[in-house]
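So that the names make sense, note that chain A is the first sequence line, chain B the second, and so on, each numbered from 1.
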There are 2 protein chains.
Amino acid sequence: MNVGILTIGNELTSGKIQDTNSAMISRAIYLQGWTLARMMSVGDDFDAISDALRYLLGHVDGLVATGGLGPTADDITTAAIARAFGLELYTDEAVLAHVRAIFENRGLHWTENNAKQAVFPSGARIIANPRGTAAGFALYREGKIIAVIPGVPVEARKMLAEGVIPLFSAAFPDSALQVKSRLFRLTGIAESAVDEAIAGDNLAEAGVSVGFYPNFPENQLVLTVRERSNETADEKLENACKIIEARLGRHIFARDEESLADNIAKIMTAKRLTLSTAESCTGGMIASRITDIPGSSAFFERGAVTYSNASKEALLGVPAEALERYGAVSEETARLMAEGIRRSSGTDLGLAVTGIAGPAGGSEEKPVGTTFIALASADKTVCRHFSFRWDRKRNRTIAAESALLMLWRYLAEDGRDGE
Amino acid sequence: MNVGILTIGNELTSGKIQDTNSAMISRAIYLQGWTLARMMSVGDDFDAISDALRYLLGHVDGLVATGGLGPTADDITTAAIARAFGLELYTDEAVLAHVRAIFENRGLHWTENNAKQAVFPSGARIIANPRGTAAGFALYREGKIIAVIPGVPVEARKMLAEGVIPLFSAAFPDSALQVKSRLFRLTGIAESAVDEAIAGDNLAEAGVSVGFYPNFPENQLVLTVRERSNETADEKLENACKIIEARLGRHIFARDEESLADNIAKIMTAKRLTLSTAESCTGGMIASRITDIPGSSAFFERGAVTYSNASKEALLGVPAEALERYGAVSEETARLMAEGIRRSSGTDLGLAVTGIAGPAGGSEEKPVGTTFIALASADKTVCRHFSFRWDRKRNRTIAAESALLMLWRYLAEDGRDGE
């Protein structure tokens, strides 16, 4: 079944508000196993609405239209759709009584323009609105179905699930598929290298679609399977996931809704390890991402944002001579920072970052983006040198991400087992 | 001038990602004084792209298409557009060299599929991409202009402003109005109160449109003027800005592209004041927002993320008895934290936050959202008590914002003058 979406409103074509309905509806359509063939937005304009309707109905079996069902003069969707199909308008007395009752219950002043919300094209099937005054409606024309619901997102979401999807399923009963998908969060690998790594696995031929979505600073790989049978869908997805894990396992730091910090928190808690951080260029971003996780107080002891040399001495015990000799941005200082915060806080691990985020502060020898990340444990301190080539904001973001990845790699590969 | 937008990608039609480009582009089009006639989204599909192109070009003079310019097999926008117009494809050697250089500079492994990003339809005018590898292009067909740019939002935004809009203006020179706008970032005032405050000023009658956009945790007020003459536009906008400043001045913490942290940085630097922070529930967010500003090292000395009681004692000198008596989340502890970090770092100001972000940790007496923010200076320590009612993520965000606002108010109203 091919589905289309038409969102209507001057607030969309002027960029005043972000159209979130299209993504919400398209996701619901996708999860039904239907194909979203076209999405369109137009302003509150008779000709544009009727022209868009004609175009879309040339490409889809079912159309979801949202917006323009309110009481004010610029809400013309119902009238425009009726006109496009040559239908009369009528007032539905039951809906009118319902809208009036809502006004009374809420103690709102009734004005006559609200009666517009009880007007429908003849032959329309009413779609109830449990969350607002504007009801929706569906029309069946030439073997196709057109569902019209309000643009208010909380209303649209509920009416889509409870009103529109059931009508579409009833109208096209053979079209529903079982859709399963898995998301992998990847790091340190480019889209082209992913393509190469799985080129020989013929996933598409096996009915598994592979999507790759850069989402700075991570990349996301999504496998999707659509099948008639639930069992076949599960089986195909699991087989494909095994292939992805085998080919790209090292680069996968989280799956589905998990974040990198989630996984770090899980391992830290399971292994009963504790952590402290010392940040220079990232200025608190690492601590902030870790403490974003509920329950992080179980393993996160403290963080120091040591922007000045004095604070690196006072909070981390980095000797002034070392700062002078090697510079605040150096492998030596990063190591001393990680060891210092670990020692002063008494944690199992100390994670430190020092770098030049830019735009100023770079030199020939240490250009903007030069960053050192060190991780200190009881056994050893490891340090990595990065050369980021972005602007300040992204240099900081990728530095924080790289530090968390270093910690995650250590925990996943080298860390001592749970006790 | 009528403009259309075509966003391309299976990630859009599957609802995987929210299309933010359409709103961003439509806003820019609106601000130019042009009319956005149609917005459409289709998947990565030859027939859909070419069919949508034909439809849109029947309704618009200029079309902005985004997405599907990457290196992988599903990126087919360039090929689909070339096919729709019957154009050959060619490789632009200068662009190819540029893409290769980016790979080299970033130390990425070159794979041949990346060469695809240097392929264009014959006759295309290249639109440079200052932020990524995929260049865009423009085609002129039958008196219309089609501009194609990547779907990555930071790249699309820059290329729209620097590449597409100038080409459109040049192609349709008579259609451009002089559009001027000013954005005010507001805090502590609701839309209805703003409406009331400026109700008597007849801004709309004077040709100034007023838009109000909630953008958690701040609100944005945008004045827009569209005039034939540059001078009239400037004059009308300036007059309207004076009215807004007079009516809402107290609530305006930044204008246009400025952030709250920008303004804090400016005042701190001008007054030669220094700052340190002590954060519990915000976990580094305040330090991170401050150090996001280039040059913040001039006034930001250090930050302590004191998650544990031990760290509040060690780094801030908060006595164990106080923590036990009043609790880690209390006015007393907030005051001691602010005074402690100020003293130990030797800065003019100390800013501290302690609170219960949730979901766990709340009690009858101190429910989730309970937050204390203290600001210590040489003269006095002030502390405010907040009761936020959001989820963990937003409680943390609004706590950090409120702390920065408290600092900004102090600097703007009470701080000592520059010396």
Side-chain angles (χ1 to χ4, degrees), chain A residues 12-16 18-20 22-28 30 36-42 48 52 55 190-193 195-196 211-214 222 283-288 290-292 294-295 297 300-308 310-311 314-315 344-345 359-360 389 392-393 396, chain B residues 10-20 22-24 26-27 30 36-42 48 52 55 70-73 105-106 108-109 111 113-114 152 211 283-285 287-288 290-292 294-295 297 300-308 310-311 315 344-345 359-360 392-393 396:
Chain A
L12 304 176
T13 52
S14 63
K16 272 225 178 70
Q18 170 75 53
D19 171 17
T20 55
S22 289
M24 182 272 289
I25 297 169
S26 54
R27 178 136 202 177
Y30 177 81
L36 203 290
R38 298 284 190 285
M39 294 195 274
M40 214 195 295
S41 301
V42 295
Y55 171 77
E191 180 168 13
S192 48
D195 269 3
E196 269 193 309
F212 189 88
Y213 311 106
V222 180
M285 294 174 86
I286 298 173
S288 165
I290 289 172
T291 58
D292 206 26
S297 56
F300 184 70
E301 213 277 335
R302 76 182 68 170
V305 181
T306 51
Y307 233 51
S308 66
S311 63
L315 300 184
S344 67
S345 61
R389 303 288 158 116
R392 178 180 182 88
K393 202 180 180 71
R396 280 160 48 91
Chain B
N10 290 337
E11 70 280 15
L12 303 176
T13 53
S14 63
K16 279 229 171 68
I17 67 162
Q18 171 75 54
D19 171 18
T20 54
S22 289
M24 181 271 290
S26 53
R27 184 150 187 176
Y30 176 81
L36 202 290
R38 298 284 191 285
M39 295 195 272
M40 214 194 297
S41 301
V42 295
Y55 171 76
T72 59
N105 286 339
R106 294 191 186 156
L108 296 172
H109 174 62
T111 53
N113 53 0
N114 285 293
V152 181
M285 294 174 86
S288 163
I290 290 172
T291 57
D292 206 25
S297 57
F300 184 70
E301 212 278 335
R302 76 181 69 168
V305 181
T306 51
Y307 234 50
S308 66
S311 63
L315 300 185
S344 66
S345 62
R392 179 181 182 85
K393 202 181 181 71
R396 281 160 49 91

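At a 4.5 Å heavy-atom cutoff, the contact between B/L12 and chain A is made by backbone and side-chain atoms alike. For B/L108, no part sits under 4.5 Å from any heavy atom of chain A, backbone or side chain. Contacts of B/S297 with chain A are made by both backbone and side-chain atoms, with heavy-atom separations under 4.5 Å. Heavy atoms of B/Y307 lying under 4.5 Å from chain A belong to its backbone as well as its side chain. When heavy atoms are compared at a cutoff of 4.5 Å, B/A73 approaches chain A solely by way of its backbone atoms N, CA, C and O. Residue A/A190: no heavy atom, backbone or side chain, is found under 4.5 Å from chain B.
Residue with the most contacts toward chain A among B/P71, B/P359, B/A48: B/A48 (heavy-atom pairs, distance under 4.5 Å). Taking chain B as the reference chain and counting heavy-atom pairs below 4.5 Å, the highest number among A/A28, A/A23, A/S192, A/A193 is found for A/S192. Here B/G303 is the residue among B/G303, B/S345, B/A287 with the most heavy-atom pairs under 4.5 Å with chain A. Considering only heavy-atom pairs separated by less than 4.5 Å from chain B, the leading option among A/A360, A/G211, A/S26 is A/S26. When B/R27, B/H109, B/Q18, B/R106 are compared by the number of non-hydrogen pairs under 4.5 Å with chain A, B/Q18 comes out ahead. Per-residue counts of heavy-atom pairs under 4.5 Å with chain A were compared for B/A37, B/G70, B/S41, B/A52; the largest is that of B/S41. Note on A/I286, A/V42, A/I290: by heavy-atom pairs under 4.5 Å with chain B, the leading option is A/V42. Heavy-atom pairs under 4.5 Å with chain B were tallied for A/M24, A/K393, A/M285; the largest tally goes to A/M285. The choice from B/N105, B/T306, B/V152 that makes the most heavy-atom pairs within less than 4.5 Å of chain A is B/N105. Ranked by heavy-atom pairs under 4.5 Å with chain A, the list B/P294, B/G295, B/S344 is led by B/P294.
Interatomic distance, A/F212 CZ to B/E11 CD, rounded to the nearest 0.5 Å: 12.0 Å. Between the CZ atom in B/R396 and the CG atom in A/D292 there is a gap of 4.5 Å [rounded to 0.5 Å]. Rounding to the nearest 0.5 Å gives a distance of 8.5 Å between CG of B/N114 and CD of A/E191.
Using a 3.5 Å distance cut-off with no hydrogens or angles, the side chains of A/R38 and B/T13 do not pair a donor with an acceptor.
In terms of modelled atom types and a separation under 3.5 Å, the side chain of A/R302 and the main chain of B/L315 share no donor-acceptor contact. Of the possible donor and acceptor atoms, one in the side chain of B/S308 sits under 3.5 Å from a partner among the backbone N and O of A/E301.
With sequence neighbours left out, A/S22 forms a side chain to side chain contact (heavy atoms under 4.5 Å, CB included) with A/I5, A/T7, A/D19, A/M39.
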